[in-house]
Structures are given as C-alpha cells and as structure tokens.
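All of these numbers come straight from a predicted model, not from anything done at the bench. Quick note: residue numbers are just sequence positions, from 1.
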Amino acid sequence: MLVRVRASTLMGIDAVPVEVETDISQGLPSYTIVGLPGTPVRESGDRIRAAIRNSGFPFPGRKVTINLAPADLRKESALLDLPIALSILCAEGLLPAEAIGKYLVAGELSLDGSIKSVRGVLSQGLLAQRLSLDGLLVPSSNASEAILVPGIDVIAAGTLRDAVSVLGGGSRPPSPAPETVPPEGELPDLRDVVGQPTARRALEIAAAGGHALLLAGTPGCGKTMLAERIPGILPDFSDGEALETAQVYSAAGEPPWPRLIARRPFRAPHHTVTPAGLIGGGNPPRPGEITFAHGGVLFLDEFSEFRRDAREALRQPIESGEIRIARAGNVYRFPCRFLLVAATNPCPCGNAGHSRRICRCSPHQISQFAGKFSGPLLDRIDLAVSVPPLAGTDWCRSGEGEPTSAVRERVMRCRKIQERRYARRPRRTNGEVRASFPELASHLSPEARSLLTRAADRFGLSGRAICKVARIGRTIADIAAEKTVALPHIAEAIQFRLPDFARTNEPEPAL
C-alpha cells in the first residue's frame, strides 16, 4: 500500500514542503530511505523502528521503501521522524489515510515513542497556511509556538500513541495559550547619560528613521552607554514583526525560542567574531548575528577591531535587509533588517582629540587607522557622530538628561508618520524604504535643495550619500512634524555624514 504524508524541511528560516511516500511490499525485511536524506534522516530507521514497537504497534516485517520528494532537495533535520512513522502505520492499516493527509506533520521520536520538540515550527505553520492545509501536527512542547500562526488548527501530541489516537478520532488535549518571553528587568534609561547632546540627538534620529549610526570617541566617553539605551526608545513590535523575528529564533533553535519575543533583540557580538558568525554560513548554513538582530539592534563595539572581511561583509545586508547563501545548488535566505550601531576609537591609542590626554599616534598611524574603514562601508552608514570626552565636573552631574520615555514618544510619533507615508510598501522607515532621489527630493525646499547640492560638490558625496542626507533630513523634519524638509533639517543632516577621523585636514570653505 502506498501512503503519502505532508512534511517539511528547513532551508534557512523557511520551511520547504516535503512529501513522505511509503510503500510496504512483499519481500525480505528491509528499510530503505531514498530522496537525498541527510545524516539525521538516514539514521532514523532504528529510531523509528524502536519507537513504533515501544508504543505497542507492530513494525512491518516486509520491504519498507520510503521516498522523500522532491528528490533533489537535501533533507537534514530529524523532524521527519514522526511523518515517516505515521506513514508506516498508515500503510499497515492502523491509521486512516484521509485523516493524516489534511495536516503538516513534524516531530522527532525517542526510542520510547515520545515526541521531542523540533526547530522551525513557526515556519512550518506558515507553510501549512500557504498550502491551505487544515492544520499542523507537532510535539506538545511546540504547541504554544504553533498556535501563534493564525487560522491553523494545531494538534499537539506528546507520544506516537497520542498522535495515532487523535488522528484516529480520539479526544484532543486542550490548546495551550501563547507564551511570551517576560521582559528581563527594566531597560537602561537615557537619563543616565551625562551631556552628549549631539550624540543623543543622533540616537533619536537613528531610532526614528531606522538609520545606521557610527559613534566615534575616546575610551570612556559614553559610546557604549548610548548604544545600550537605543532599544528603550524603539517602538514596540507589531504583530507581523514579532512573528517574523520569532521565526528566526525558532528555525535556529536559539533562546528565547519557542516563545514569542516581546522585546526587540539587542545583539552585541565580540569583535573576534568570524564573517560566518556575523553574516551566517556553514554547511548547512546557519544564521549569523545580523539575522538574530532582525527587527532590533546590532551593536558592534570596538568596530575598528573587527576583521576587515567581517566589516566589509556588512555592505550588502545593510541595504538589502536579507542575506542569501548558496550551498550545493540550494539558496538559503536569512532576513536581517537591523539597526546598525557601531562604536570606535578615533585612533589606535584612543586619545586623539582629547584635551587632557596625549595622543601618541603618528600621522601615519592615524592615516592607517582611518584606512580600516573603507569608503564604500562608510558610505552606507547614515549618521556618524564624534562623541567628545567630558570634564570631571560634567560627570558629577546626574539626572539632568531627558528620560527615555520622552524620546520614545517622539520616535513613535515619527514612525507613525512614516507608516502613513509608506503604507503600501514593505519597508516603512525613511532609512529603509526603497525610493528614488527625485521622490526623496520632492519634499525639499528650494533653499534645502541648494544647500544639499553645494555640500555634495564640496565633500564629493556619492549618489548614495546624497540620498542618505535627504533621508536623514526627512526624518528630522518628521520628528518636528514638518511636511517640508527645510534648510535647518538638511544642514543638521549634513553634519552627521563623516566622523572626524575620516575627514581631511584641509580647511573647509563655507558652503
């Protein structure tokens, strides 16, 4: 008897449909799996045989052939254990074929017949939704994750026997309630930051418009303090954003999976991270830090100390919002729409520009240090701020800064303005939306357009940099609730283009 069961395998964070075909025929007892199975699937035979027998069902003593279609797609995950076991039982007449064909099935089996949790249940739920299936059969430990997908009937089973009972018409356990990751304490407040009005302003603009930010300053001037406070001023997740970010952690099997994420992620990898650890890679490919920061903040402290190939690999993801990795004829997609916040010292010793410390770096060393940051990479960073050191008397002041709540309120108002403006587009912030320069320049006043033209000629700005200045000016105008991008908005945007260590030492004529 030939039986077909709907299942899936993971490619990146996406679930790809797999059809499990099982045929039991006369012949010497054997168990064969074809269809490009990976190591976990090839090893599943003894696991499935023991699980079926220990659940009280007979394992067929005939020739068992299992085909995993499509045959040219490699199947690496153990989540095919349960579909294979159910297809065998169905082929033996212990389960009605019409009942199992309505569901997408996923689960890893233990030798005693219990069903272990698997990765990527959110992706599998979305796949079942796209395939117009009735529902999803998953391990009990994944049920609270599966019900996050709307419009999907979820069957949760703790053991193989439970799954057979439910599919055969038996009673079903009650559906669990969705679980949300509880916030881990209060987020740090911007009120704790002493001084630094320019850096605080850049932080607000970056959060409001989704603009990449580079902070450059001497050690101990507050760069890390500022970066750690940006999650608190970002708006809350929308339902779609929360589901998409949770899908990343679900597919990777990383905490806080398998629960819904309530707070935007803040990832701060060490500067020794490899390009594969930062961008993603391996075989099969796994997501990197930029994907785990999807929907949140990627903070790269000591940016100058990161490997050059790791830094330069950020160029394409910053703009595209996703990374695609090709392996053995397959393409794995990882989303990575993140807010980049980087921090660096101004020179090798870190004291350049400090009024009370001596910089021991030669001009050649400073030039070499500036050369670590390629022009194309700096061109993709929207805001660059030099964070000056503070005097001792300034550090003794506290509680004078604006609190996070006040800044967050302005950021949320600005985001709502952008959502209305870009309502029909997938990306709805000034920093991320795909727009041509004529569209960006359509809101510029004549004076603002004239200043932007002169600045582009004076500083040699590229086309990308000109567009970024226009985008930042649009965000500054949105914060002020202005419909037209005026001269002051563009003037403020221009000052954020390059950090001091990347500028020439030539005097700058007036614009």
Side-chain angles (χ1 to χ4, degrees), residues 190 193 196-217 221-234 266 293 296-301 303-304 311 314-315 317-319 321 337-346 370 373-388 407-408 410-411 414-415 418 427 429-433 435 440 448 451-452 455-456 459 461-480 485 488-503:
L190 265 174
V193 179
Q196 308 297 2
T198 303
R200 289 170 60 101
R201 174 66 170 170
L203 212 68
E204 180 178 346
I205 295 170
H211 301 288
L213 171 64
L214 174 64
L215 301 170
C221 65
K223 302 185 296 296
T224 303
M225 279 188 69
L226 286 161
E228 289 175 344
R229 280 149 181 78
I230 198 167
I233 63 177
L234 289 172
F266 180 84
V297 179
L298 178 68
F299 176 46
L300 303 181
D301 201 5
F303 194 42
S304 61
R311 286 197 309 266
L314 291 171
R315 292 187 196 175
I318 289 176
E319 294 195 327
R337 290 197 304 275
F338 56 88
L339 177 58
L340 174 64
V341 181
T344 183
N345 295 328
F373 306 95
S374 69
L377 178 60
L378 289 177
D379 211 30
R380 286 167 167 83
I381 294 178
D382 303 44
L383 304 163
V385 182
S386 293
V387 185
V407 179
R408 185 173 186 270
R410 289 198 299 271
V411 168
C414 182
R415 286 286 184 107
Q418 295 169 72
R427 302 184 189 180
T429 61
N430 293 322
E432 296 176 330
V433 69
L440 296 171
L451 178 62
L452 179 56
F459 297 114
L461 300 181
S462 66
R464 179 186 290 111
I466 294 171
C467 288
K468 287 191 176 296
V469 172
R471 290 171 184 270
I472 297 168
R474 179 67 269 177
T475 299
I476 294 171
D478 288 341
I479 293 174
V485 181
H489 305 144
I490 288 296
E492 185 178 3
I494 291 171
Q495 73 170 340
F496 289 123
R497 273 311 303 159
L498 287 176
D500 287 344
F501 65 79
R503 301 181 194 271

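- When all heavy atoms are compared, the tightest approach of Ala470 to Ile490 is CA-CD1, 4.4 Å.
- Separation of atoms CG (Leu440) and NZ (Lys468) is listed at 10.5 Å; rounding is to 0.5 Å.
- A pairwise comparison of heavy atoms in Ala202 and Val385 identifies CB-CG2, 3.3 Å as the closest pair.
- Lys223 places a side-chain N or O within donor-acceptor distance of the main-chain N or O of Gly217, the cut-off being under 3.5 Å.
- Within the model, atoms CD of Glu204 and OG1 of Thr475 stand 11.0 Å from one another, a figure rounded to the nearest 0.5 Å.
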I'd like to know whether Phe303 forms a side chain to side chain contact (heavy atoms under 4.5 Å, CB included) with Leu377, so could you lay out the CA-CA distance, the side-chain angles of the two residues, the decisive distance to 0.1 Å, and finally the verdict. CA-CA 12 Å; Phe303 194 42; Leu377 178 60; 4.0 Å; yes

With side chain to side chain contact (heavy atoms under 4.5 Å, CB included) as the test, would you mind laying out the steps for Leu203 and Leu190 before giving the verdict? CA-CA 10 Å; Leu203 212 68; Leu190 265 174; 4.0 Å; yes

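- Within the model, atoms CG of Leu234 and CZ of Arg415 stand 6.0 Å from one another, a figure rounded to the nearest 0.5 Å.
- Under the rule for a side chain to side chain contact (heavy atoms under 4.5 Å, CB included), the partners of Arg427 that lie at least two apart in sequence or sit in another chain are Arg337, Glu432, Arg434.
- With contacts defined as side-chain heavy-atom distances shorter than 4.5 Å, the pair Arg315/Asp379 does not qualify.
- Proximity of Ile205 to Phe496: side-chain heavy atoms (C-beta onward) are separated by under 4.5 Å at one or more points.
- With values rounded to the nearest 0.5 angstrom, Cys467 atom SG is found 11.0 Å from Asp382 atom CG.
- Within the 4.5 Å cutoff, the side chain of Ile479 has heavy atoms near those of the Arg201 side chain.
- In terms of heavy-atom proximity, His211 sits nearest to Leu339 at O-CD1, 2.9 Å.
- For the pair Arg408 and Ile233, the tightest heavy-atom approach, listed with the atom from each and the gap, is CG-O, 3.7 Å.
- Scanning for side chain to side chain contact (heavy atoms under 4.5 Å, CB included) contacts around Ala227 gives Phe299, Val341, with sequence neighbours left out.
- Minimum interatomic distance between Ala208 and Cys414 (heavy atoms only, all atoms of both residues): CB-SG, 3.7 Å.
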Evaluate the side chain to side chain contact (heavy atoms under 4.5 Å, CB included) criterion for residues Gln196 and Met225: first the C-alpha distance (whole Å), next the side-chain angles of each, then the deciding distance (0.1 Å), finally the verdict. CA-CA 11 Å; Gln196 308 297 2; Met225 279 188 69; over 6 Å; no

Quick one: do Leu298 and Phe266 satisfy side chain to side chain contact (heavy atoms under 4.5 Å, CB included)? Show the steps, please. CA-CA 6 Å; Leu298 178 68; Phe266 180 84; over 6 Å; no

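- Closest approach of Ala206 and Leu213 over heavy atoms only: CB-CB, 4.2 Å.
- Put simply, CG on Leu215 and OG1 on Thr224 are 9.0 Å apart, with the number rounded to the nearest 0.5 Å.
- Checked by atom type and distance alone, the side chain of Gln418 never pairs as donor or acceptor with a backbone atom of Gly431 at under 3.5 Å.
- Here CG of Asn430 is found 7.0 Å from CZ of Arg474. Values are rounded to the nearest 0.5 Å.
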